[in-house]
Number of protein chains: 2
Amino acid sequence: MARAGLTVERVTLAGAELADEVGFERLTMSALARRLGVKDASLYAHVRGLEDLRGRIALLAADEKTVRIAEATAGLAGRDALVAYAGAYRDYAREHPGRYTATQIPTEIDPELLAVARGPKRAVELTYSMLRAYALREPDLTDAVRLMRSMLHGFISLEAAGGFAHTRPVEESWSRCLDALHTLLEHWPDDPDKEGNTT
Amino acid sequence: MARAGLTVERVTLAGAELADEVGFERLTMSALARRLGVKDASLYAHVRGLEDLRGRIALLAADEKTVRIAEATAGLAGRDALVAYAGAYRDYAREHPGRYTATQIPTEIDPELLAVARGPKRAVELTYSMLRAYALREPDLTDAVRLMRSMLHGFISLEAAGGFAHTRPVEESWSRCLDALHTLLEHWPDDPDKEGNTT
DNA sequence: AGCTATAGTCTAGGGGTCCTAGGAAATGGG
DNA sequence: CCCATTTCCTAGGACCCCTAGACTATAGCT
């Protein structure tokens, strides 16, 4: 009986593919074992359990997404960078719905795994450096990062959940929302509580 | 052996409470039965199954959330209405994380249940009528609604997932994001592809 | 080649969950 | 008081997660 030749990486990748097909929440150890031509107990030699597998998929996805965004925005700045960033983000989520869902889990990921992963940290750096093209100073910069992340994530997950039932094509709303985000970043309002106005 | 006196409504409500405590994805028929002092099989007299229960919780949450928003925004307009709307939305999500998660499910809800529920439809009406205070014409109005929903939902779910690890207090970012949203709605950019500018 | 250590896979099984089928008991209307 | 309905139960099948311990393929060493 030949070995299946599994490793943590192969198991994680197969899990990610399965999650993309059936949905992250329906990812199952038994189904994954069946897909790999193996008994479910065999997976526990590579992965601590279902939670561990989910966490690994989340980190894999964070890495992949970051790479995509980095490639898409390389050499761009300002509006072009923003559109490329958002487009790469959204495309990744649509191509890999299971993996994308994995990145949203409030689950605690094994800390030692997290320490090794570079994806999440790089993603933050990418975002800040892209937004630095706009004339934002802290703390506005952090607020703007949070607004942008909220908007992208919200749009994508509402779209995935079928939340945009209206007849208006989603594609056009997407493009117009990016227009709006861009102008907002260019004209970020002063904090009415902190700054006196120019009078 | 006295009866527990269950009805669909009581089961749904208890399910919603349980979901708020342990998380929507960990809501389970057996656990709900235990909480109600009943065997799990008994629940199937009131609810078609776990999926059905989840759908009912989602509709309950949509109703409750809509009522909250309606109360909070009653009599307000413009900026005040926006802040009240967003605040009610976020507070509901934080008080009832399980129910809120339920509203995001891409799951198909039993159509005949959906027909009876007024929550989702009223929520859309509320949003449009609130935004009508800003000078937006279709299709910009729909795009603005989508942007606002995306931002609110995204912010709330990132916050719930612990996505805002930075030292900046979330409360302040929230308030500043609403400032930004307000000014954006007041100065919604023209569509560069459609309209010539004023030159 | 033979031996050994490691690592990959298996069988067996316990406990949990979802759900169905069919029976018992409480309730309410005649 | 009796009967129909509704509520709840017991019993059981299918599937899932995970552990323990045995077996086997592979690689390195002599």
Side-chain angles (χ1 to χ4, degrees), chain A residues 1-58 98 101-102 105-110 112-113, chain B residues 1-60 98 101-102 105-110 112-113:
Chain A
M1 189 173 297
R3 291 196 187 182
L6 298 184
T7 64
V8 197
E9 289 77 19
R10 288 176 58 87
V11 169
T12 304
L13 187 59
E17 289 166 4
L18 183 54
D20 284 337
E21 291 169 20
V22 306
F24 185 68
E25 62 293 334
R26 270 195 270 273
L27 173 63
T28 202
M29 292 297 264
S30 345
L32 180 54
R34 279 193 294 273
R35 146 170 310 218
L36 290 169
V38 143
K39 297 297 173 186
D40 59 348
S42 307
L43 297 179
Y44 291 82
H46 307 280
V47 153
R48 216 189 296 275
L50 183 59
E51 283 308 294
D52 184 41
L53 174 64
R54 287 170 123 111
R56 286 172 191 276
I57 293 175
T101 304
I105 53 175
T107 270
E108 63 241 34
I109 294 181
D110 185 342
E112 76 185 60
L113 265 181
Chain B
M1 191 172 298
R3 289 195 186 183
L6 298 183
T7 65
V8 198
E9 290 76 18
R10 289 176 57 86
V11 169
T12 305
L13 187 59
E17 289 166 4
L18 183 54
D20 284 338
E21 291 169 20
V22 306
F24 185 68
E25 62 292 336
R26 270 194 271 273
L27 173 62
T28 201
M29 292 298 258
S30 345
L32 180 54
R34 279 193 293 274
R35 146 168 313 218
L36 290 168
V38 143
K39 297 297 172 185
D40 58 348
S42 306
L43 297 178
Y44 291 82
H46 307 279
V47 151
R48 217 189 295 277
L50 183 59
E51 284 307 294
D52 184 42
L53 174 64
R54 287 172 122 114
R56 286 172 192 276
I57 293 175
L59 291 179
L60 169 69
T101 305
I105 54 176
T107 270
E108 64 241 34
I109 295 180
D110 185 342
E112 77 184 59
L113 264 180

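First the proteins, then the strands, lettered A, B, ... as listed; each starts at 1.
- Note that the CG atom of B:L13 and the OG1 atom of B:T7 stand 9.0 Å from one another [nearest 0.5 Å].
- With rounding to the nearest 0.5 angstrom, the CD atom of B:E17 is 11.5 Å from the CG atom of B:L27.
- Remark: C1' of D:dT26 and CG of A:L6 are 15 Å apart, rounded to the nearest angstrom.
- Here the closest non-hydrogen pair linking A:I57 and A:A102 is CG2-CB, 3.9 Å.
- Between the P atom of D:dC15 and the CG atom of A:L32 lies a distance of 18 Å, rounded to the nearest Å.
- Between the P atom of C:dT20 and the CG atom of B:D52 lies a distance of 11 Å, rounded to the nearest Å.
- Every residue two or more places apart in sequence or in another chain was checked for a side chain to side chain donor-acceptor pair (under 3.5 Å) with A:R34, and none qualifies.
- Distance check, rounded to the nearest 0.5 Å: CG of B:L53 to CG of B:L60 gives 10.5 Å.
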In 5'-to-3' order, the base (B), backbone-only (S) or no-contact (-) status of each nucleotide in nucleotides 11-18 of chain C, using a 4.0 angstrom heavy-atom cut-off, is B-----SB
With a cut-off of 3.5 Å and sequence neighbours excluded, list every side-chain donor-acceptor pair involving residues 35-50 of chain A.
residue : atom : partner : partner atom : Å
A:R35   : NH2  : A:E21   : OE1          : 2.6
A:R35   : NH2  : A:E21   : OE2          : 3.2
A:S42   : OG   : A:K39   : O            : 3.2
A:R48   : NH2  : A:D110  : OD2          : 3.4

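- Atom CD in B:E9 sits roughly 11 Å away from atom P in D:dT7 (whole-Å rounding).
- Between B:H46 and D:dT6 there is no side-chain polar atom (N or O) within less than 4.0 angstrom of OP1 or OP2.
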